[in-house]
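So the structure is just underneath, and the comments pick up after that.
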Amino acid sequence: STCDPALRPIIRRRARSLPTLPERRKRAAVPCRVPGCQSRMNRVRFADALGLELTEVKVFQTGEDPSIPLHVLSRLSINSDLWYSSSDLEFTMQCLVPDFQQPADCMDFSSRLQEQQVCLERVSSSDLGLSGTIQVRNIAFEKRVSVRYTFNQWQSLHEVCAHWRSSIPEKNGQDQVDVFTFFLPVPPFLLQLCSVVQFAARYQVSGQEYWDNNGGKNYSLTCRTHALKMPRECEESWIHFI
């Protein structure tokens with residue numbers, strides 16, 4: 001005798017197989033016997049997001065020229081000009097260009113950091129705004145780094161917080177430096193020729209406040225026209241750069 005429950009046989013059902021192609025054709029050919037029902041074979045139609053047909057049949061009469069869209073003709077004309085041109089393709093775009101040398105590339109960067117406790121390291125511009133890095137001396141663990149900036153010569157101002165990225169040793173090997181990153185959003189309508197963005201770095205620690213304002217001049221970037229060149233062999237993909 002045992003306490004295990006009695007085993008029961010497992011009943012398995014076999015799934016019905018899909019009918020073969022001849023059988024499906026035979027069934028589809030049988031008309032529906034329901035009164036008023038008009039049986040027909042199913043058709044699949046492909047449409048775009050608006051429900052319009054993906055293809056359109058156009059019948060041309062003898063001697064009738066097809067209508068070619070203007071954007072196709074203009075693209076063919078541009079590609080033809082690029083093909084026969086011996087020089088590189090050149091076009092211009094507007095972007096913010098720093099009016100100062102990158103502080104990290106200056107010889108007095110370490111001395112400025114020792115004196116100010118905070119110093120801008122690098123800044124770069126893109127279509128979305130300005131991004132950069134700031135170095136601060138590790139005076140205390142609790143600290144706050146921010147960037148104050150303006151688009152209209154300080155008639156109004158904005159401020160964004162910088163975020164800690166890493167810690168690195170100073171050149172003397174004894175003290176430590178914290179690296180913070182920041183991003184300043186720049187609206188596209190402000191990217192006009194000669195428009196200026198100004199900013200300064202702010203460092204708050206142990207109840208003290210330190211600034212890096214580029215020696216009282218503030219860091220500024222001016223919107224200028226920047227020329228870009230593309231080799232002639234890339235004319236097929238030039239449109240991706242615009």
Side-chain angles (χ1 to χ4, degrees), residues 91-171 175-230 240-242:
F91 59 95
T92 59
M93 63 179 300
Q94 298 177 0
C95 60
L96 291 170
V97 180
D99 300 325
F100 54 89
Q101 186 181 2
Q102 297 289 350
D105 298 334
C106 299
M107 299 296 296
D108 61 342
F109 178 76
S110 298
S111 60
R112 288 177 57 188
L113 182 60
Q114 289 284 339
E115 179 183 357
Q116 302 173 165
Q117 310 299 326
V118 53
C119 190
L120 174 70
E121 184 180 21
R122 293 187 181 277
V123 65
S124 60
S125 62
S126 64
D127 296 338
L128 301 179
L130 303 176
S131 57
T133 54
I134 300 173
Q135 289 191 14
V136 298
R137 299 191 66 195
N138 188 20
I139 300 176
F141 178 78
E142 295 291 339
K143 58 178 67 70
R144 183 178 186 269
V145 181
S146 60
V147 177
R148 185 171 292 181
Y149 63 102
T150 179
F151 300 111
N152 51 14
Q153 300 294 331
W154 301 107
Q155 297 180 12
S156 62
L157 55 89
H158 311 272
E159 190 166 345
V160 295
C161 292
H163 303 280
W164 180 87
R165 189 182 71 176
S166 61
S167 297
I168 58 176
E170 282 193 79
K171 289 188 176 181
D175 300 325
Q176 197 177 38
V177 173
D178 289 332
V179 181
F180 284 77
T181 61
F182 67 91
F183 176 76
L184 307 181
V186 179
F189 62 86
L190 291 176
L191 289 179
Q192 301 176 0
L193 289 179
C194 300
S195 60
V196 179
V197 179
Q198 294 178 310
F199 70 92
R202 184 185 184 187
Y203 179 31
Q204 297 171 289
V205 60
S206 300
Q208 300 292 326
E209 185 175 271
Y210 305 95
W211 286 86
D212 178 20
N213 55 8
N214 194 21
K217 298 179 295 183
N218 294 320
Y219 294 101
S220 62
L221 296 92
T222 305
C223 185
R224 294 188 175 92
T225 301
H226 183 65
L228 296 177
K229 292 185 178 182
M230 187 181 64
H240 300 288
F241 291 89
I242 298 180

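Owing to the predicted nature of the structure, the values given are computational and were not obtained by experimental measurement. Along the sequence shown, residues are numbered consecutively beginning with 1.
Residues F182 and L120 form a side-chain contact, since some pair of their non-hydrogen atoms from C-beta on lies under 4.5 Å apart. Using a 4.5 Å heavy-atom threshold, the side chains of I134 and V147 count as touching. Contact of the V118 side chain with the R202 side chain is not registered, since no non-hydrogen atoms from C-beta on lie closer than 4.5 Å. Using a 4.5 Å cut-off on side-chain heavy atoms (C-beta onward), Y203 and Q116 make no contact.
Closest approach of P103 and F100 over heavy atoms only: CD-CE1, 4.2 Å. Between F109 and C119, the shortest heavy-atom contact is CE1-SG, 3.5 Å. Minimum interatomic distance between Q102 and V123 (heavy atoms only, all atoms of both residues): NE2-O, 2.9 Å. Of all the heavy atoms in S195 and L96, the pair that sits closest is O-CD2, 4.3 Å. Shown here for F183 and P185, the closest heavy-atom pair between the two residues is O-CD, 3.6 Å. Pairing each heavy atom of Q117 with each of I139, the nearest pair is OE1-CD1, 3.6 Å.
Going from atom CG of L221 over to atom CG of D99 covers 6.5 Å, rounded to the nearest 0.5 Å. Taking CD from E121 and CG from L113, the interatomic distance works out to 9.5 Å, rounded to the nearest 0.5 Å. If you take CD on E209 and CZ on R144, they are separated by 9.5 Å, rounding to the nearest 0.5 Å. For the atom pair R137 CZ and Y210 OH, the distance stands at 9.5 Å (nearest 0.5 Å). Considering OH of Y149 and OG of S156, their distance stands at 10.0 Å, rounded to 0.5 Å. In this structure, CZ in F151 is found 7.0 Å from CG in L184, a value given to the nearest 0.5 Å.
For R148, the salt bridge (charged side-chain N to carboxylate O under 4.0 Å, His left out) criterion is met by E159, not counting sequence neighbours.
Pairs engaging residues 107-119 under the salt bridge (charged side-chain N to carboxylate O under 4.0 Å, His left out) rule: R112-D212 [sequence neighbours left out].
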